[in-house]
Structure formats: C-alpha cells, structure tokens
Amino acid sequence: THDDESVGYDTKITRGVDLLTGYSKCVRVGPGKFYGGGSTIAAHTVEDIGVGVSVERAKKGDDRWTGYRAWLKFNQDADRVASSKMLDVDGGYYYRVSCTHSANSDVSSSFTDGIYIEEP
C-alpha cells in the first residue's frame with residue numbers, strides 16, 4: 001500500500017483468560033524513515049506480558065516477506081506492554097510489522113499491511 005500508516009489487530013491462537021488484545025503498527029515517516037512497533041494488553045494484571053516485534057520487507061513482485069529487524073519486550077506484574085522504534089531503512093521496499101503477543105501462556109499474533117518507503 002502507499003498509505004502513510006497501517007495497523008493490524010490480533011488473531012487469537014489460543015483460548016485463554018489472560019490476553020485481551022494486541023496490535024501492530026507501522027508508519028512511513030519520510031524517505032528512508034520507518035516507525036514500527038506493537039502493544040499487548042491483558043484482561044488483568046499478569047505475571048508476564050510480552051510483545052515480540054518483527055519488521056519485514058519485500059520488493060514489489062516478491063512472493064514472500066524477509067526479516068529485517070526484530071526485538072522483544074516483556075513486563076512483569078503488569079497488564080500491558082508496548083515497544084516501538086524509529087528506523088532508518090533502505091528505500092524502494094515495502095515494510096510491514098508483525099507481532100507476537102503473550103500474556104502468561106495466552107498467545108496471539110498480528111500484522112500490518114506493507115507500506116512503501118521511498119529512497120532518501
């Protein structure tokens with residue numbers, strides 16, 4: 001897509017009582033500039049809550065996404081966690097964010113559409 005931003009919401013993988021929701025977000029900030037991250041929200045305070053963020057990219061015509069950058073963030077005894085980064089990236093690619101959301105043993109995932117980043 002050539003939109004300036006994309007948000008993806010979680011799809012439940014396990015049935016549980018701890019995980020409420022999660023989402024991924026990416027934003028085209030400018031040529032060669034990309035903002036991406038994700039959030040996980042629990043239904044109540046949990047022992048461990050986490051978000052794993054993966055930035056992927058592809059050229060027009062590619063048949064799959066390839067990993068570009070990834071990181072994890074966890075909080076203990078909390079009901080939410082979020083992590084995001086501003087990245088300098090190569091232009092001429094579509095970039096997207098996919099996240100894994102966890103609250104104790106409940107897990108889900110989310111991903112955005114790809115957004116095109118121009119050359120700086």
- Query: Can Asp88 and Lys33 be counted as an ion pair, charged N to O under 4.0 angstrom?
  - Reply: yes

- Verdict with reasoning, Tyr35 to Cys26, per side-chain contact (heavy atoms from CB on, under 4.5 Å): CA-CA 6 Å; Tyr35 171 87; Cys26 63; over 6 Å; no

- Note on the structure: Scanning both residues in full, the closest heavy-atom pair of Pro31 with Pro120 reads CB-CA, 3.6 Å

- Task: Take Met86 and Val29 through the test side-chain contact (heavy atoms from CB on, under 4.5 Å) and record every step on the way to the result.
- Result: CA-CA 9 Å; Met86 182 77 69; Val29 179; 3.5 Å; yes

- Would you tell me whether Thr21 and Tyr9 have side-chain atoms, one donor and one acceptor, within less than 3.5 Å of each other? no

- Any side-chain heavy atom of Thr112 sitting closer than 4.5 Å to one from Val7? no

- CH2-OH distance between Trp65 and Tyr93, expressed to the nearest 0.5 angstrom: 12.0 Å

- Non-hydrogen atoms of Ser6 and Asp113 that approach each other most closely: OG-N, 2.9 Å

- Query: Among all residues two or more places apart in sequence or in another chain, which pass the side-chain hydrogen bond (donor to acceptor under 3.5 Å, both in side chains) test with Asp18?
  - Reply: His44, Asn104

- Taking all non-hydrogen atoms of both residues into account, name the closest pair between Ser108 and Leu19 and its distance. OG-CD2, 3.2 Å

- Message: Please enumerate all residues that pass ring pair (Phe, Tyr, Trp, His ring centres under 6.0 Å) together with Tyr68, with sequence neighbours excluded.
- Response: Tyr95

- What are the two closest non-hydrogen atoms of Lys25 and Val97, and how far apart are they? O-CG2, 3.7 Å

- Message: For Gly37, is there any backbone N or O sitting under 3.5 Å from a side-chain donor or acceptor partner on Ser84?
- Response: no

Only pairs under 3.5 Å count here: list side-chain donor-acceptor contacts from residues 76-83, not counting sequence neighbours, and write none if there are none.
{"residue": "Gln76", "atom": "NE2", "partner": "Asp48", "partner atom": "OD1", "Å": "3.2"}
{"residue": "Ser83", "atom": "OG", "partner": "Trp71", "partner atom": "NE1", "Å": "2.8"}

- Identify the two heavy atoms, one from Asp3 and one from Ile115, that lie closest to each other, and give their separation to 0.1 Å. O-CG2, 3.6 Å

- In this structure, which one of Asn75, Leu72, Thr40 forms a side-chain contact (heavy atoms from CB on, under 4.5 Å) with Val51? Thr40

- Query: By salt bridge (charged side-chain N to carboxylate O under 4.0 Å, His left out), which residues pair with Asp4, not counting sequence neighbours?
  - Reply: Arg28

- Task: Go through the steps for Phe34 and Val55 under the test side-chain contact (heavy atoms from CB on, under 4.5 Å), then give the verdict.
- Result: CA-CA 10 Å; Phe34 178 85; Val55 176; 3.8 Å; yes

- Excluding sequence neighbours, so at least two apart, what forms salt bridge (charged side-chain N to carboxylate O under 4.0 Å, His left out) with Lys85? none

- Query: Excluding sequence neighbours, so at least two apart, what forms salt bridge (charged side-chain N to carboxylate O under 4.0 Å, His left out) with Arg57?
  - Reply: Asp90

- Message: Let me confirm one number: the CZ-SG distance from Phe111 to Cys99, rounded to the nearest 0.5 Å.
- Response: 11.5 Å

- Message: Under a plain distance cut-off of 3.5 Å, with no hydrogens placed, do His101 and Ser110 share a side-chain donor-acceptor pair?
- Response: yes

- Heavy-atom closest contact (Asp62 atom, Lys59 atom, distance): OD2-N, 2.7 Å

- Task: Treating Ile, Leu, Val, Met, Phe, Trp and Tyr as nodes and any side-chain heavy-atom pair under 4.5 angstrom as an edge, say whether Leu87 and Val53 lie in one connected cluster.
- Result: yes

